Each structure stands twice: as C-alpha cells, then as structure tokens.
Amino acid sequence: MFALIDASGMYASCEKVFDPSIRNRPVVVLSNNDGCIVAVCPIAKKLGIPKFQPYFKLKPKLDELGVVARSSNYELYSDLSQRMMNICARFAPEQHIYSIDENFLSYGHYVPKEGWLAHGKEIRRAVWRETRLPVGVGFGCTLTLAKAANHASKRISGYQGVAVIASESERVHILQNMLVSDVWGIGRRISKRLALQGIDTAWQLSKAMPSIIKKDFSILIAHTVHELNGNQRFSWDEVKAPKKQIFSTRSFGKRVTSILDLKQAIIMHCGIASKKLRNQNSQTLNIIVFAHNSIHDKEPFFRRAAIHQFSCPTSDSGVISSAAGKLVDQIFKPGIRFYKAGIGLLEIVDEKPNQQDLFAVSNDRPNLMTCMDGINDRYGRNTIFIAGQGIEQKFAMRRELLSPRYTTRLAELPIFRCN
DNA sequence: TCTGGGGTCCTAGGACCC
DNA sequence: TCTGGGGTCCTAGGACCC
C-alpha cells in the first residue's frame with residue numbers, strides 16, 4: 001500500500017498559521033517577483049480565483065473581493081514543510097518527498113491494525129496538531145491510485161480529508177467521480193484528446209485498452225491505465241531515482257543589462273543547482289547557461305545559450321561556477337534588457353568516489369563542499385557562498401507583500417498579546 | 001510606473017556522419 | 001509501375017507537475 005499526503009493550498013495555509021487575522025479571509029500567495037498567483041486557500045478557491053494568472057491583471061478583482069495577497073515566503077514554507085514531512089515519516093517505513101507540499105509513503109505489506117481509514121485520520125490529526133497545516137491523505141495500491149484517493153479526500157464529498165482505495169467498490173466510486181484531467185499524468189492537452197474518444201472520467205480511462213492508448217498517445221499514458229486498475233507500473237525506486245537534469249532559473253526583479261549582474265545571477269544559480277546535485281550524490285558532465293529578454297517587452301526576442309563539457313564529472317560549486325562565468329561572456333550582448341537567466345546540469349551521473357582517469361584531473365574539493373553544505377544546512381542557506389554571486393544583488397526579486405519569517409529568524413518571531 | 005513562476009522529462013526533426 | 005538506409009547528436013518545443 002502507498003499513501004499520498006499533501007497540504008491543501010500549502011503556501012496560503014502557511015501564511016494563516018502565524019497570522020490569525022487572515023484565517024477566515026480569502027488568501028492567495030504570489031510567485032517570485034509577485035508575478036503570478038500560485039496558491040489559493042479554500043475560501044479564495046470558492047470565490048473562483050484562478051491559479052497561474054499574472055497578479056497585476058487580477059489585482060483589481062482581488063481588491064474588490066477583499067482577498068489578501070502575500071509574496072512567496074520560501075523560508076517559512078520550507079521550514080513548515082520540513083516539519084510536516086518529519087511527522088509523516090513517522091507513520092511508514094519509507095517516505096519519498098515529492099514536492100514542497102506532497103509526500104508518498106510506502107508501507108510494503110504492512111497493514112495497520114486500526115485499519116487504513118483510522119490510520120489516515122491519525123496522520124491528519126498529527127500534522128494538524130503539530131503544524132496547524134490541513135492535509136489530505138489518500139491510500140492506494142499503486143502510486144496513481146494513491147494520488148486519486150488523495151484527490152478524492154479533498155474533492156469528493158463524504159471523505160473529509162482521508163480516502164482509501166482498498167476495495168473494488170471504493171475504486172469504482174472514486175474513479176467514476178473523478179475527471180480524467182485530475183488523473184496524475186493527464187494534463188490539459190491529453191484530456192482534450194481523450195475527450196474526442198469519449199473518455200471524460202478516470203473510470204472511462206481505466207476501461208480503455210492499454211495497447212490502443214499506447215498507440216494513440218504514449219507508453220506513459222498506457223502505464224497510467226494499468227495503474228488505475230491496480231497494476232503497478234510506476235515503481236517506488238523509479239520515483240525515488242535521482243534526477244537526470246537539474247535546473248535553476250529565475251526572472252529578475254528588474255531587467256538586467258550589465259554583464260556583472262548577469263554573472264552574479266548565474267553563479268548564484270550554480271550554487272543552488274550544485275547543492276541539489278550533491279544532495280543526490282551525483283555529478284555532472286556539462287552545464288548549459290542561458291539568458292533571454294521578455295516576450296512581453298517591445299524589443300525583438302533575444303535568447304542565447306552556451307554549453308560547457310567538463311573533462312571529468314564534477315559537483316564542486318567553484319568548478320561549476322567558474323565554467324559558467326566563462327559561458328556568460330559568450331552569451332552576453334550589450335543593449336539587451338535581460339529578463340530571465342539560469343543554468344541547467346544536463347548530463348548527470350552517479351558519483352564515483354575513486355574514479356581513476358589518467359588524463360582528466362579533477363579539481364573538485366569534496367571536503368570543502370561537505371564543510372560548506374554542513375555550515376549552510378545548520379545556519380541557513382547562503383551563510384557562506386561563492387563570492388562571485390555578489391553580496392548585494394541589484395536584480396533581487398520583488399517581494400513587496402512579504403510576511404515575517406516567523407520560524408527561522410529570532411527578530412521575526414510572532415508575538416501574540418493576551419488581553 | 002511597471003508588472004507575466006519554476007522544474008523535469010520526452011520527442012520530433014534537423015544536421016551530420018558513413 | 002514505383003521505388004532510395006541507418007545511426008548519432010543536438011535543439012526547440014511540447015507535455016506534464018506543483
């Protein structure tokens with residue numbers, strides 16, 4: 001059995017934890033640079049506020065409806081996320097953290113003596129008691145069914161936060177009440193094409209012939225059909241597998257026109273991406289650096305990218321940054337108002353501690369990296385960093401509606417007055 | 001005044017090779 | 001009468017996720 005646990009409207013819920021004054025109000029959270037709405041609390045959802053729309057376009061409507069908007073406060077969300085993940089991990093032998101607000105649990109053949117429903121309720125209670133985050137819990141014998149049950153736990157009436165697919169009747173009931181576009185792995189495009197074949201619900205998709213689905217769509221969608229029928233195709237090891245590519249990209253708070261600013265941004269991304277690389281015990285054989293202006297600006301679209309191949313695999317922030325810095329010289333063009341830049345590590349390999357190569361000399365300093373990661377894990381990201389990323393970044397993102405970092409900064413601790 | 005997210009994986013098609 | 005291979009690498013774009 002697998003479980004999928006996720007926090008509903010995670011970012012918006014986090015904002016409510018330490019600010020009682022907005023608990024009963026509609027709240028939305030914005031993406032980087034206050035660009036788009038990326039999280040909507042249940043009250044705002046009922047008002048019909050859509051996700052992934054530019055904030056400035058919706059602002060008049062939000063003001064009219066009295067919706068509270070907040071900038072993304074990642075420091076707060078990642079801290080609460082860690083607490084939530086730690087609590088969930090207590091309930092099963094294995095956990096996979098799928099995103100900041102979602103995690104899978106794998107139970108193997110274990111069956112809780114209180115039953116799955118009671119077990120799910122206990123997880124929900126524990127997370128609520130210890131973090132004040134509302135979570136949905138779904139159980140199923142495949143990852144896709146666990147996802148479906150999780151969806152049902154929040155969207156189908158009668159479940160109140162916990163849904164279990166352990167019997168045929170429950171499977172049928174949930175899949176029949178679920179749109180095909182809500183199935184894990186079925187997005188907007190595919191569901192439109194499925195609709196042309198008369199497939200509108202998850203149940204109808206589960207009844208389709210996998211061989212025909214494979215021919216008309218892809219092997220992945222055919223796997224999904226099997227998974228909906230309780231036949232596992234997406235394995236635990238696969239979802240836990242290390243990433244094959246790692247990207248770090250961001251739009252700037254204001255347009256960047258100087259090569260120094262662009263270099264600082266790129267080197268900052270190298271720090272973020274190489275840390276992710278080390279966290280999964282991998283190394284990379286190459287790096288791509290890219291930057292472009294905005295399609296919304298008046299100038300013609302400009303985008304350039306450059307790739308560097310390393311002579312031997314590396315995960316050293318310094319080695320990666322210095323290669324990236326040279327690539328910036330290749331892609332920079334004076335006069336371009338850069339809107340976004342980033343890097344990608346494209347060819348990722350497993351770390352081999354004692355790899356011998358007579359001709360390629362590694363410049364990696366694993367001890368230094370371990371030390372740097374240790375300090376940053378303990379004292380917070382960017383306690384120490386590669387100097388090339390600059391100390392005061394002029395292009396830093398706009399976050400005009402930022403709430404305090406209640407749980408990670410002493411100076412920003414919440415204070416409640418009792419009368 | 002101006003403003004438009006971030007990440008991962010896959011595939012089709014072009015360019016090139018023999 | 002009509003017909004023409006097979007492989008690798010790279011890139012842009014599509015699709016999905018949250």
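Proteins get letters first, then strands, A, B, ... in listed order; numbering begins at 1 in each. Bear in mind the structure is a predicted one, so any value in this text is a computation, not a measurement. Computation of the quantities below employed the complete heavy-atom set of this structure, encompassing side-chain atoms and omitting hydrogens, waters and symmetry-equivalent molecules.
- If you take NZ of K240(A) and C1' of dT8(B), they are 19 Å apart, rounded to a whole angstrom.
- Among the atoms of the strands shown, only primed sugar atoms or phosphate atoms (P, OP1, OP2) are found under 4.0 Å from some heavy atom of R255(A).
- Judged by distance alone, the side chains of S317(A) and S274(A) do bring a donor and an acceptor atom under 3.5 Å apart.
- We find that CZ of R189(A) is positioned 15 Å from C1' of dT11(B), with the value rounded to whole Å.
- In this structure, F52(A) reaches the bases: a heavy-atom distance under 4.0 Å links it to at least one base atom across the strands shown.
- Contacts of V29(A) with the nucleic acid, taken as non-hydrogen atoms under 4.0 Å apart, are absent.
- Under the 3.5 Å distance criterion, the side-chain polar atoms of E75(A) are left unmatched by any main-chain donor or acceptor of R405(A).
- For T408(A) and D79(A), the side-chain atoms include no donor-acceptor pair closer than 3.5 Å.
- Residues F56(A) and F247(A) each lie close to DNA chain B; by heavy-atom proximity, the contact nearer the 5' end of the strand is made by F56(A).
- Taking a 6.0 Å sphere around CZ of R129(A), one finds it holds more than 12 heavy atoms contributed by other residues, nucleotides or ligands.
- OP1 or OP2 of dC18(C) has at least one side-chain nitrogen or oxygen of K147(A) nearer than 4.0 Å.
- In this structure, I295(A) reaches neither bases nor backbone, as no heavy-atom distance under 4.0 Å exists between it and the strands shown.
- Closest approach to the R250(A) side chain among dG6(B), dG5(B), dC9(B) is made by dG6(B) (side chain taken as heavy atoms from C-beta onward).
- Put simply, S218(A) has no side-chain N or O that comes within less than 4.0 Å of OP1 or OP2 on dC10(B).
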Nucleotide-level pairing of DNA chain B, given in dot-bracket where Watson-Crick and G-U pairs need both distances under 3.5 Å and | marks other strands: ....||||||||||||||

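- With 3.5 Å as the limit, one finds a donor-acceptor pair spanning the side chains of Q197(A) and D216(A).
- Of all nucleotides listed (dG5(B), dC16(C), dC9(B)), dC16(C) comes nearest to the side chain of I190(A).
- Residue contacts for D101(A): at a heavy-atom cut-off of 4.0 Å it reaches the sugar-phosphate backbone alone, with no base atom in range.
- Between D182(A) and R155(A) there is no salt bridge, since no side-chain N of the basic residue sits under 4.0 Å from a carboxylate O of the acidic one.
- The nearest whole Å value for the distance from the NZ atom in K57(A) to the P atom in dG5(B) is 11 Å.
- When each of I272(A) and R398(A) is assigned the nucleotide of DNA chain B with its nearest heavy atom, R398(A) is the one assigned upstream, toward the 5' end.
- Looking at heavy-atom distances under 4.0 Å, K59(A) makes no contact with the nucleic acid at all.
- Annotation: ring-ring contact (aromatic ring centres under 6.0 Å, His included) contacts of H96(A) (sequence neighbours excluded): none.
- In this structure, F234(A) places its CZ atom 13 Å from C1' of dC9(B), rounding to the nearest Å.
- Spacing between atom NE2 of H151(A) and atom P of dC17(C) amounts to 12 Å, rounded to whole angstrom units.
- Annotation for R23(A): atom CZ counts as buried by contact number, over 12 foreign heavy atoms lying within 6.0 Å.
- One finds no side-chain N or O of K254(A) lying less than 4.0 angstrom from the OP1 or OP2 phosphate oxygen of dT3(B).
- Rounded to an integer number of Å, the gap from I343(A) CD1 to dG7(B) C1' is 13 Å.
- Nucleic acid contact class of L220(A) (heavy atoms, under 4.0 Å, all strands): none.
- One can place CD of E238(A) at 14 Å from C1' of dC10(B), the figure rounded to the nearest angstrom.
- Nearest to the side-chain atoms of Y98(A) among the listed nucleotides dT11(C), dT8(B), dC17(C) stands dC17(C).
- Within the nucleic acid shown, Q53(A) has no heavy atom closer than 4.0 Å to any nucleic acid atom.
- S72(A) comes within 4.0 angstrom of nothing in the nucleic acid, heavy atoms only.
- Candidate nucleotides dC16(C), dG6(B), dT3(B) were compared by shortest atom distance to the side chain of K340(A), and dG6(B) ranks first.
- The aromatic ring of W184(A) does not stack onto the base of dC17(C), failing the criterion of a centre distance under 5.5 Å from the six-membered base ring together with planes under 30° apart.
- Atom NZ of K243(A) and atom C1' of dC9(B) are 11 Å apart (whole Å).
- Side-chain atoms of I246(A) lie closest to dT8(B) of the nucleotides dG5(B), dT8(B), dC18(C).
- As judged by a 4.0 angstrom heavy-atom cut-off over every strand, L30(A) is placed among residues making no nucleic acid contact.
- The side chain of P54(A) approaches dG4(B) more closely than any other nucleotide in the set dG4(B), dG6(B), dC17(C).
- For Q245(A), whose side chain is taken as the heavy atoms from C-beta onward, the closest listed nucleotide among dG6(B), dT3(B), dC9(B) is dC9(B).
- The six-membered or imidazole ring of F2(A) lies away from that of W184(A), with a centre-to-centre distance of 6.0 Å or more.
- With respect to the salt-bridge test (charged N to carboxylate O, under 4.0 angstrom), the residues K61(A) and E64(A) do not qualify.
- In this structure, R193(A) does not reach the dA15(C) phosphate: none of its side-chain N or O atoms is under 4.0 Å from OP1 or OP2.
- Note on I100(A): nothing from the nucleic acid sits closer than 4.0 angstrom, heavy atoms only.
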